[in-house]
Amino acid sequence: MASTEQVLKWNPDKVAEWLIEKGFSKYCVMFKDHKIDGKALLLISETDLKTPPLNINILGDVKRLSLEIRQLKVECQQVLIDQGYHPETLLYLSKGLQNYLTHGTAFHLNHKYEDCFMNYRYQSLDEHEFLHPQSSRSSEDGRATNLRPELWKAFIALAYCFVVTWITAFVMVIVHDRVPDMKKYPPLPDIFLDNVPHIPWAFHMCEWTGTLLLFIWLCVLFFHRHRFILLRRFFALSGTVFLLRCITMLITSLSVPGTHLDCNPRTSSVNGTSDLLAKMQAAYEIWRGAGMSIQGVRTCGDYMFSGHTVALTMLNFFITEYTPRDIYLLHTFTWLLNMFGIFFILSGHEHYSIDVFIAFYITSRLFLYYHTLANNQSLMLRDSGRTRIWFPLFSFFESDVDGIVPNEYESPLVVINRIISVIKQSIKHIMFLIQANLTVKQNPCQNSPSGNHSGRKHKRK
């Protein structure tokens with residue numbers, strides 16, 4: 001029998017010898033007819049064995065033969081790497097896989113390449129689960145293949161975002177009362193604000209820009225097939241960024257950036273309970289108006305960092321991520337809205353330049369880090385314990401997503417018909433329960449033991 005080191009050079013006869021050695025001699029002719037050599041043998045999955053043209057109908061043979069093929073892959077993996085082949089796809093890398101892994105710029109690690117590339121967790125393996133057993137349900141291009149809506153996770157993300165917005169509104173009330181005295185603490189030096197005159201209507205334009213981005217995002221959600229996955233990601237990321245903003249607002253109170261702002265603290269009540277209720281009322285006013293000046297909300301002190309920039313950037317990134325790449329006009333338009341919205345914030349002298357810069361950086365980095373982990377599950381699964389500690393929300397919300405969420409869309413009629421069908425099924429179920437309940441109430445004697453007992457006595461007489 002030829003060594004497993006030469007498995008790529010096996011011809012169909014050598015494959016037949018291997019089948020005989022493993023106890024599958026009855027399939028030798030079939031494998032020869034389909035010209036399965038060593039390389040083809042390594043690429044065979046359990047699905048290939050069960051489906052035409054091989055179409056093996058004995059489940060035990062399918063499982064045992066699939067196990068032997070996977071074991072052969074394990075035995076050959078180091079040899080394949082040494083020979084310059086990718087151990088999963090068998091593609092040949094011209095410079096050799098070992099040099100690529102040890103000297104490539106993608107890793108920058110000093111330990112052995114086996115540790116950074118081969119982090120095997122052998123569980124119940126199936127077809128593509130040889131190298132990435134916990135994320136192998138994704139297709140060859142990395143797209144997820146089995147995406148469930150998981151409405152309950154979307155509602156949890158919504159509740160999380162709802163709580164964070166309430167906390168943010170309350171913190172904005174607190175920092176407004178702590179705003180430094182404008183006479184004692186004048187505006188800080190700022191390159192942009194010192195050289196660009198104040199435009200009174202600019203901040204309103206920023207909020208109308210954000211409203212337009214929100215409308216586009218709602219249209220994307222309405223048509224996107226995986227809208228509930230998008231919703232939970234949006235709520236989770238938005239809630240996390242605004243929760244971080246609450247901390248930065250509380251830590252440091254910056255002076256008012258513009259002299260045009262009327263930033264006088266509220267008059268606090270001597271009674272602690274009354275003061276708390278007044279703050280809750282003010283927080284509700286901020287929350288109801290979404291913190292927008294076009295809704296009549298005016299606050300001071302919430303400068304580090306800009307919440308308006310967070311909203312603009314988050315909407316822009318989600319729109320560009322979950323729309324087709326070839327819609328360049330839409331992507332250019334949303335980026336222009338994002339940049340012009342930031343310009344309007346600064347032109348209105350509502351934030352310092354550092355507030356806007358940090359807001360854009362944190363929002364964009366968090367979005368990119370989240371989606372990098374979500375789209376490359378092997379990165380997350382390499383150290384799942386650490387991921388659960390540092391990214392608990394991510395580990396919870398993305399536990400059943402096995403790859404990139406494809407941009408697939410549905411007609412509004414499909415969505416409406418689906419909603420109507422759910423409503424009809426619910427109505428039918430309710431009517432069935434009502435009818436069954438009425439039937440039981442109308443015929444109580446037929447089901448009672450006393451009625452059956454009296455009937456027996458009557459027959460005896």
Side-chain angles (χ1 to χ4, degrees), residues 154-182 203-215 217-218 221 231-232 234-258 260-315 341 344-345 348 350-351 355-356 359 362-363 393:
F155 283 116
I156 291 176
L158 174 61
Y160 167 69
C161 189
F162 176 83
V163 172
V164 169
T165 54
W166 258 106
I167 296 173
T168 303
F170 190 77
V171 170
M172 290 173 69
V173 174
I174 295 175
V175 298
H176 180 86
D177 295 341
R178 290 173 46 196
V179 65
D181 186 6
M182 297 178 64
F203 199 59
H204 287 342
M205 284 299 299
C206 158
E207 294 181 343
W208 285 116
T209 301
T211 304
L212 180 56
L213 281 172
L214 177 61
F215 176 76
W217 172 235
L218 292 176
L221 285 174
L231 273 175
R232 73 171 182 245
F234 181 79
F235 289 139
L237 286 172
S238 300
T240 301
V241 177
F242 276 97
L243 188 60
L244 177 61
R245 180 172 180 259
C246 293
I247 299 173
T248 59
M249 286 191 298
L250 279 174
I251 290 175
T252 304
S253 296
L254 299 178
S255 58
V256 179
H260 67 286
L261 297 172
D262 183 16
C263 296
N264 296 318
R266 296 181 307 106
T267 55
S268 59
S269 176
V270 179
N271 189 347
T273 304
S274 300
D275 185 57
L276 179 60
L277 291 176
K279 288 182 178 179
M280 293 295 294
Q281 178 65 28
Y284 173 73
E285 296 295 333
I286 295 173
W287 180 83
R288 186 181 63 179
M292 300 174 67
S293 61
I294 58 177
Q295 296 289 336
V297 177
R298 298 297 302 180
T299 58
C300 298
D302 55 328
Y303 299 127
M304 183 59 68
F305 43 90
S306 171
H308 284 72
T309 304
V310 169
L312 291 169
T313 307
M314 192 69 74
L315 289 169
F344 288 139
I345 293 173
E350 296 285 343
H351 277 282
D355 304 343
V356 173
I362 290 177
T363 306
L393 285 177

**Request:** Using the ring pair (Phe, Tyr, Trp, His ring centres under 6.0 Å) rule, take Phe344 and His204 through it: C-alpha gap first, then chi angles, then the decisive distance, then the call.
**Result:** CA-CA 8 Å; Phe344 288 139; His204 287 342; over 10 Å; no

When rounded to the nearest 0.5 angstrom, what distance separates [atom1] in [X] from [atom2] in [Y]?
| X | Y | atom1 | atom2 | value |
| --- | --- | --- | --- | --- |
| Leu243 | Leu393 | CG | CG | 9.5 Å |
| Arg178 | Thr252 | CZ | OG1 | 8.5 Å |
| Glu207 | Leu214 | CD | CG | 12.5 Å |
| Cys300 | His176 | SG | NE2 | 5.5 Å |
| His351 | Phe203 | NE2 | CZ | 5.5 Å |

Suppose we screen for side chain to side chain donor-acceptor pair (under 3.5 Å). Which residues come up paired with [X], at least two apart in sequence or across chains?
| X | result |
| --- | --- |
| Thr240 | Tyr160 |
| Thr211 | none |
| Thr209 | none |
| Ser306 | Thr309 |

Any idea which heavy atoms bring [X] and [Y] closest together, and the distance?
| X | Y | value |
| --- | --- | --- |
| Ser253 | Pro180 | O-CG, 3.9 Å |
| Ala157 | Ala236 | CB-N, 4.4 Å |
| Gly239 | Cys161 | N-SG, 4.3 Å |
| Met314 | Thr363 | CE-CG2, 3.5 Å |

Measure the shortest side-chain to side-chain distance between [X] and [Y] over non-hydrogen atoms and say whether it is less than 4.5 angstrom.
| X | Y | answer |
| --- | --- | --- |
| Thr165 | Phe242 | no |
| Met292 | Val297 | no |
| Asp355 | Ile345 | no |

Looking at residues at least two apart in the chain, or sitting in another chain, which of them share a side-chain contact (heavy atoms from CB on, under 4.5 Å) with [X]?
| X | result |
| --- | --- |
| Leu261 | Val256, Pro257, Cys263, Arg298, Tyr303, Glu350 |
| Ala169 | Ala283, Ile286, Trp287 |
| Thr273 | Asn271, Leu277 |

**Message:** I need the full list of salt bridge (Lys or Arg N to Asp or Glu O under 4.0 Å) pairs touching residues 278-296, with sequence neighbours left out, sorted by first then second residue.
**Reply:**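 Those involving residues 278-296 are Asp275-Lys279, Glu285-Arg288.
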
**Message:** For residues 165-176, which residue pairs pass the salt bridge (Lys or Arg N to Asp or Glu O under 4.0 Å) check, not counting sequence neighbours?
**Reply:**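 Sorted result for residues 165-176: empty, none.
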
Sequence neighbours left out, cut at 3.5 Å: what donor-acceptor pairs do the side chains of residues 244-251 make with other protein atoms?
unit_1 : atom_1 : unit_2 : atom_2 : d
Arg245 : NE     : Phe305 : O      : 2.6
Arg245 : NH2    : Asp302 : O      : 3.3
Arg245 : NH2    : Asp302 : OD2    : 3.2
Thr248 : OG1    : Arg245 : O      : 2.9
Thr248 : OG1    : Met304 : O      : 2.5

**Prompt:** Taking only residues two or more places apart in sequence, or in another chain, which ones meet Asp181 in a salt bridge (charged side-chain N to carboxylate O under 4.0 Å, His left out)?
**Reply:**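 So Asp181 forms no salt bridge (charged side-chain N to carboxylate O under 4.0 Å, His left out) with any residue.
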
**Prompt:** Got a donor-acceptor contact below 3.5 angstrom from the Ser238 side chain to the Phe235 backbone?
**Reply:**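 Here the side-chain-to-backbone pair does not exist.
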
**Request:** Kindly determine whether Leu221 and Trp217 satisfy side chain to side chain contact (heavy atoms under 4.5 Å, CB included), including the steps that lead there.
**Result:** CA-CA 6 Å; Leu221 285 174; Trp217 172 235; 3.6 Å; yes

**Message:** Can you tell me if Trp166 has over 12 outside heavy atoms packed within less than 6.0 Å of its CH2?
**Reply:**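 Atom CH2 in Trp166 is crowded, with more than 12 foreign heavy atoms closer than 6.0 Å.
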
**Item:** ring pair (Phe, Tyr, Trp, His ring centres under 6.0 Å) against Phe170, all qualifying residues, sequence neighbours excluded
**Value:**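 For Phe170, no residue satisfies ring pair (Phe, Tyr, Trp, His ring centres under 6.0 Å) once neighbours in sequence are set aside.
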
